[in-house]
> 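This is the structure I want to talk about, given as structure tokens.
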There are 2 protein chains.
Amino acid sequence: MPKVGMEPVRRKALVDAALHVIGDQGTLSVTMSDIARQAGVSAALAHHYFGSKEQLLVETVRSLLKQLRDDTVTELRAAATPRDRLSAIVRVSFQADQFAPETIAAWLAFYSEAQRSEETRRFLVIYARRLHSNLVANLKQLCVADDAQRIAEGTAAMIDGLYIRRALGSSPVTAEASIALTDDYITLNLNACQTQKDAA
Amino acid sequence: MPKVGMEPVRRKALVDAALHVIGDQGTLSVTMSDIARQAGVSAALAHHYFGSKEQLLVETVRSLLKQLRDDTVTELRAAATPRDRLSAIVRVSFQADQFAPETIAAWLAFYSEAQRSEETRRFLVIYARRLHSNLVANLKQLCVADDAQRIAEGTAAMIDGLYIRRALGSSPVTAEASIALTDDYITLNLNACQTQKDAA
DNA sequence: TATTTTTGATTGATCCATCAATCAATAAAA
DNA sequence: TTTTATTGATTGATGGATCAATCAAAAATA
């Protein structure tokens with residue numbers, strides 16, 4: 001069975017497996033065996049390719065982030081106006097795969113891990129910054145810079161908040177409802193800015 | 001030293017210690033020894049009083065929630081109008097002790113734990129529900145029921161979101177800024193509702 | 001009051017399970 | 001035969017839980 005060129009295949013399989021198991025159990029204290037079993041290989045092989053559990057986890061956050069970024073890029077390409085792009089950013093955050101319970105659980109676990117792992121925190125900060133600057137860039141074309149900053153902050157918070165509330169599975173927040181709430185927030189703020197400008 | 005009547009004292013000390021250590025390390029995988037050491041007793045004693053680590057953790061969430069509720073009750077008593085009460089609810093969430101980095105880290109850890117522990121989830125759901133119904137009760141006196149539900153959902157999400165963003169320590173979200181953002185959200189929505197009513 | 005009994009408080013030592021990590025061995029390709 | 005892929009077995013460390021044993025205060029008894 002041992003075929004040459006397995007490395008990239010195994011690495012991907014293991015990262016995907018890690019995401020799956022972490023999302024499923026909702027914690028990073030999953031074992032290497034759990035992950036390896038899910039990937040259909042031995043725990044030893046996971047160590048062989050990643051060196052340590054820590055490293056495998058880092059690669060896993062990285063992949064989560066990459067997926068989000070790729071989705072965003074795709075959606076943004078299809079949007080013409082700044083206002084459309086804002087909606088696109090919001091929409092991506094609540095897209096099917098991002099909003100799946102296991103994915104959210106995984107994000108949550110990594111947020112918690114960020115308290116300890118410098119590297120994990122770095123990745124999550126990058127995500128936060130990217131979201132923020134994406135929002136600001138488009139908002140600036142619709143209102144003054146100060147407002148753009150403020151609205152971006154609020155929008156990002158709302159997105160993250162809707163995530164965490166869904167993680168609890170308490171309130172019946174569907175993806176559509178979440179998108180609507182966030183989009184309304186943006187609209188409401190932009191209108192207010194406009195009114196302000198008209199008055200002047 | 002062994003005096004009778006230590007039980008309540010120890011229980012409180014251990015719960016406080018748990019909160020402290022969990023907030024500090026940002027994870028529930030702290031050891032019983034860690035907690036016991038912080039409380040100045042042996043790990044065995046912690047087991048003696050709580051039966052298991054699980055149970056000690058449950059008591060710890062409970063205490064976190066109780067503190068939040070007590071603060072809310074106090075603040076609400078001082079608020080006269082529905083609008084004031086809404087601001088009071090927001091203010092409490094970002095009060096000094098709630099917004100301390102260690103407290104947020106602890107909340108985050110428990111949110112993650114909720115994926116596994118039925119009991120922890122129950123507590124967090126209670127918190128979410130209480131926040132929501134507090135908001136709705138007051139919003140209903142200022143706008144129609146449907147809007148009240150929606151605004152409450154958005155407000156709660158924004159509060160939770162600002163929390164999680166602070167946990168990352170990336171964006172410079174002060175308590176004051178967080179309160180302002182959330183309060184503005186409420187004002188903006190209420191104005192929109194009013195405008196709508198005027199038009200009709 | 002002095003003495004004995006009981007009970008709550010507390011801990012050190014220990015057991016057992018789990019897990020990350022390592023290693024030596026095997027098997028297939030090149 | 002050398003290299004790559006792969007694993008079962010093993011190890012060292014860690015941590016939750018248990019237990020027998022202490023110690024002192026309180027209560028009962030003489």
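These numbers come from the heavy atoms of this one structure, side chains and all, not from hydrogens, waters or symmetry mates. Protein chains get the first letters and strands the later ones, always in sequence-line order, with residue 1 at the start of each.
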> Taking the side chain of Ser42(B) as heavy atoms from C-beta outward, which of dT11(C), dA21(C), dG16(D) is closest to it?
dT11(C)
> Need to verify one output field. Residue with the more 5' nearest nucleotide on DNA chain C, Ala43(A) or His48(B)?
His48(B)
> Is Glu59(B) salt-bridged to Arg11(B), going by a charged N under 4.0 Å from an acidic O?
no
> By nearest atom, which of the nucleotides dA21(C), dA9(C), dT7(D) is closest to the Ser52(A) side chain?
dA21(C)
> In whole Å, what is the span from the CG atom of Leu14(B) to the P atom of dA9(C)?
13 Å
> Check every atom of dA21(C), dC19(C), dT11(C) against the side chain of Thr31(A) and return the nucleotide holding the closest atom.
dC19(C)
> For Leu57(A) and dA20(C), what is the distance between atoms CG and C1' respectively, to the nearest whole Å?
12 Å
> So Phe50(B), base contact, sugar-phosphate only, or nothing? Heavy-atom distance under 4.0 Å.
nothing
> Between Glu118(B) and Arg121(B), is there a salt bridge with N-O shorter than 4.0 Å?
yes
> Measure up the Phe99(B) and Phe94(B) rings against each other and bin them: parallel (under 30°), tilted (30 to 60°), perpendicular (over 60°).
perpendicular
> Does Val9(A) reach a base, just sugar-phosphate, or nothing at all? Heavy atoms under 4.0 Å.
nothing
> Are Glu113(A) and Arg116(A) close enough for a salt bridge, meaning some N to O gap below 4.0 Å?
yes
> Under 4.0 Å between a Lys/Arg side-chain N and an Asp/Glu carboxylate O for Arg91(A) and Asp84(A)?
no
> Starting at atom CD of Glu7(B), determine the distance to atom C1' of dT7(C), rounded to an integer number of angstrom.
13 Å
> Asp34(A) CG to dC19(C) P: how many Å, rounded?
7 Å
> Considering only dT6(D), dT11(C), dA17(D), which nucleotide approaches the side chain of Val41(B) most closely?
dT11(C)
> Check whether any side-chain N or O of Tyr49(B) sits under 4.0 Å from OP1 or OP2 of dA9(C), and answer yes or no.
yes
> If you pin His47(A) and Arg10(B) to their nearest nucleotides in DNA chain C, which one's is more 5'?
Arg10(B)
> In whole Å, what is the span from the CG atom of Leu45(A) to the P atom of dA27(C)?
17 Å
> Measure the distance from CG on Leu28(A) to P on dC19(C) and round it to the nearest whole Å.
14 Å
> Output the single nucleotide from dT6(D), dG16(D), dT22(C) whose closest atom is nearest the side chain of Met6(A).
dT6(D)
> Ala44(B) side chain: which of dA20(C), dC23(C), dT11(C) is closest?
dT11(C)
> Out of dA20(C), dC23(C), dG16(D), which has the shortest distance to the side chain of Lys53(B)?
dG16(D)
> Expressed in angstrom and rounded to an integer, what is the separation of Met32(A) atom CE from dT22(C) atom P?
10 Å
> Taking CD from Gln55(A) and P from dA21(C), how many angstroms apart are they, rounded to a whole number?
11 Å
